Amino acid sequence: MTPLTRLEYKIYSDIKPHVTYKWCIEQLGVRWDAFDNPDGRWSVFWVGPPGRRTETNHKAYKYLFAREQDAVMFTLRWS
């Protein structure tokens with residue numbers, strides 16, 4: 001299993017990462033990074049422009065979490 005695949009809990013959102021970044025670091029630690037932090041518990045990626053998003057992935061950002069409780073906590077805080 002590669003480190004990114006362990007971030008299996010996905011939340012799609014239009015909330016820009018600069019809004020959530022400080023909160024995520026305070027609550028979850030440093031963001032996952034393939035080289036600098038492969039053990040990180042969370043990450044966020046841009047999904048792409050509206051024309052490239054699917055009907056089920058119409059939000060702009062995909063937040064990934066290693067633990068279900070982190071994904072729930074994020075959803076409760078930012079929804």
Side-chain angles (χ1 to χ4, degrees):
M1 172 166 54
T2 63
L4 183 58
T5 60
R6 67 181 192 79
L7 300 176
E8 62 181 308
Y9 300 98
K10 299 168 182 66
I11 305 292
Y12 292 92
S13 176
D14 283 326
I15 300 171
K16 292 180 171 57
H18 75 272
V19 174
T20 63
Y21 196 79
K22 182 180 176 186
W23 181 87
C24 286
I25 288 175
E26 289 172 354
Q27 301 297 317
L28 309 172
V30 178
R31 176 181 174 178
W32 176 90
D33 182 277
F35 300 105
D36 296 329
N37 191 25
D39 295 323
R41 291 175 26 200
W42 72 282
S43 194
V44 60
F45 295 95
W46 183 55
V47 176
R52 297 193 132 210
R53 298 178 202 156
T54 66
E55 221 173 277
T56 57
N57 287 347
H58 62 279
K59 303 291 185 174
Y61 301 96
K62 177 169 58 172
Y63 289 84
L64 303 169
F65 302 92
R67 301 181 333 172
E68 183 178 22
Q69 60 264 38
D70 294 340
V72 170
M73 189 169 61
F74 178 88
T75 301
L76 291 172
R77 170 59 181 93
W78 296 105
S79 61

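All values below come from the heavy atoms of this structure, side chains included, with hydrogens, waters and symmetry mates left out. Please read these numbers as outputs of a predicted model, since none were measured by experiment. Sequence positions, counted from 1, serve as the residue numbers for this chain.
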*Would you kindly confirm whether Trp46 and Trp78 end up in one hydrophobic cluster when ILVMFWY residues are joined by side chain heavy atoms under 4.5 Å apart?*
yes
Side-chain atoms of residues 15-28: list all donor-acceptor pairs with protein atoms under 3.5 Å, sequence neighbours left out, distances to 0.1 Å.
unit_1	atom_1	unit_2	atom_2	d
Thr20	OG1	Pro17	O	3.3
Thr20	OG1	Tyr63	OH	3.2

*asked:* Keeping Arg31 on the side-chain end and Asn37 on the backbone end, is there a donor-acceptor pair under 3.5 Å?
replied: no
*Report the hydrophobic cluster partners of Val30, with the cluster defined as I, L, V, M, F, W, Y residues connected by side-chain heavy atoms closer than 4.5 angstrom, directly or transitively.*
none
Per-pair distances, 0.1 Å, donor-acceptor, side chain in residues 64-75, under 3.5 Å, sequence neighbours excluded:
unit_1	atom_1	unit_2	atom_2	d
Arg67	NE	Asp70	OD2	3.2
Arg67	NH2	Asp70	OD1	3.1
Asp70	OD1	Arg41	NH2	2.9
Asp70	OD2	Arg41	NE	3.1
Asp70	OD2	Arg41	NH2	3.0
Thr75	OG1	Ala71	O	2.9

*What residues form a side chain to side chain donor-acceptor pair (under 3.5 Å) with Ser13, not counting sequence neighbours?*
none
